[in-house]
Amino acid sequence: MGKFAAMLFENTLAFAQSLDNSDNLAHLRSEFIIPTNKDGEPIVYLCGNSLGLQPKNALQYIQNELEDWALLGVEGHFHGRKPWFHYHKFLTDQSAALVGALPHEVVVMNQLTVNLHLLMVSFYRPQAGKYKILMEAGAFPSDMYAVQSQVEMHGYNYDDAVIELAPRQGEYCLSNEDIIAAIEQHGSELALVFFSGVQYYTGQCFDIPAITKAAHQVGAMAGFDLAHAAGNLKLQLHNHNVDFAAWCSYKYLNSGPGNVSGIFIHEKHGLNPATPRFAGWWGHKEDVRFQMKRGYIPEPGAAGWQLSNAPVFGMAVHRASLDIFSQAGIDALTSKTQTLTPFLRYCLLQAKAQNPRIQFDIITPENAAGCQLSLLTDASGKQLFDYLTSQNIICDWREPNVIRMAPVPLYNSFVDCYKVGQAFAEFKG
Ligand SMILES: *Cc1c(COP(=O)(O)O)cnc(C)c1O
């Protein structure tokens, strides 16, 4: 699907159905378990930005590991169908393809915030006079707390060492020019520029190559939290020369609550054994790992940042999900997003024009490439949100007054978007 001009949309069920009929990814919806309401009807699920739906194949993938464990016990490490000894490797190629990396630049391990800490241990290396971190104001709280504790570990305080960049007065999103100008302005003091790929509150997509380039020009590292970007945007971390990144697997990557995270470390750092890091046995050079000797020798690449042996059950679900992504291809998915999300925007704005009781502004920039739309509401926003829930439309509420919705190309339909518009049009307040 290509990009549709919004003026070509029609606000009718027949039109939404015609888009679904010409969607060559529509069959993927049947790979997922769509939750139902109490009457057994599928709900409209628009929360894939927060917790993606369960792939139907996940159960089988976990069952295989439970069976191997039951049959083989410890032997499963080497003689299972997918030996646990290097289970993380079964995730590597697909993860690399998703984020535009070389296979040795990614590994799946731990969870997201843990990984952000491990990456900052390696790539936030403040020196006298060059110790500051530039990040977006209003970043996801875990990122703020992680950054705060990192700067404090090095003996700095947050207010001095962290520069939070806020949108201009009266605006909700940062302009790329302002980000680049701030990097240039503070350049001599910056050790690290750390941004999200997609801002969790507004849905804004940051310009990863431009931010990375500007950071490098002032001698700073560029790192990204891709929690809302992985599986949502087409990423090119290697070509864009990003230093490091991490993401979780349970949002757009549909791998279940709290599941494992992926990291990217550019090969220019990852292949250098002298890059400082926290170490554990699973990052030790694989062919000599079981000699159990002192003296850490890292695996080359991101694999050399692993600490613990692979959590196989979580990774099994992640494999199940990545297999669906491979089947679809990130190019086809992002291409569908370029029509699906604008169609939801169109349906919402049509409803707003029809129904004077509805008050909201979409603060997600129109040119944002991702799935998400963020609706800034007025005082009746929570009421609107509760109404949507009562209409079997599941989106999420972010204090103080934003409703987030994300139609995801793997399992949401154009009819889903149409239904949301209809519900808005019928809102009585
Ligand atoms: C979802 C999210 C997290 C969550 O971190 P966990 O360690 O997986 O709990 C962190 N950062 C951002 C930007 C997020 O969107």
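Order of listing sets the numbers, starting from 1, for every ligand and every atom in it.
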for atom 11 (N) of ligand 1, nearest protein heavy atom and its distance come out as Asp143 OD1, 2.7 Å
Member of Thr337, Thr334, Asp331 meeting the side chain to side chain donor-acceptor pair (under 3.5 Å) criterion with Lys234: Asp331
In this structure, atom 3 (C) of ligand 1 is nearest to the protein heavy atom Phe140 CE2, 3.3 Å
Any nitrogen or oxygen of Tyr200, side chain or backbone, less than 3.5 Å from one on ligand 1? no
May I ask you to list the atoms of ligand 1 that are less than 4.0 angstrom from any heavy atom of His228? 15 (O)
Pick one: which of Ser255, Ser261, Ser95 meets side chain to side chain donor-acceptor pair (under 3.5 Å) with His318? Ser255
What part of Asp225 sits under 4.0 Å from ligand 1 if we count only heavy atoms: the side chain, the backbone, both or neither? side chain
Do Gln60 and Asn64 have side-chain N/O donor and acceptor atoms under 3.5 Å apart? yes
Looking only at protein heavy atoms, which one is nearest to atom 4 (C) of ligand 1, and what is the separation? Tyr250 OH, 3.1 Å
Counting only heavy atoms from other residues, nucleotides and ligands, does the tally under 6.0 Å from CZ of Arg168 exceed 12? no
Within a distance under 4.0 Å of any heavy atom of Ala227, pick out the atoms of ligand 1 and give their elements. 2 (C), 12 (C), 13 (C), 14 (C), 15 (O)
Find all atoms of ligand 1 within a distance of less than 4.0 Å from any non-hydrogen atom belonging to Thr113, and give their numbers and elements. 5 (O), 6 (P), 7 (O)
For Lys251, atoms of ligand 1 separated by under 4.0 Å from a heavy atom: 1 (C), 2 (C), 3 (C), 14 (C), 15 (O)
Could you tell me whether His154 and Tyr131 have their ring centroids closer than 6.0 angstrom? no
Within the 6.0 Å centroid threshold, strictly below: Phe360 and Phe427: no
Does the ring center of Phe224 lie less than 6.0 Å from the ring center of Phe206? no
Part of Leu116 within contact of ligand 1 (heavy atoms, under 4.0 Å): neither
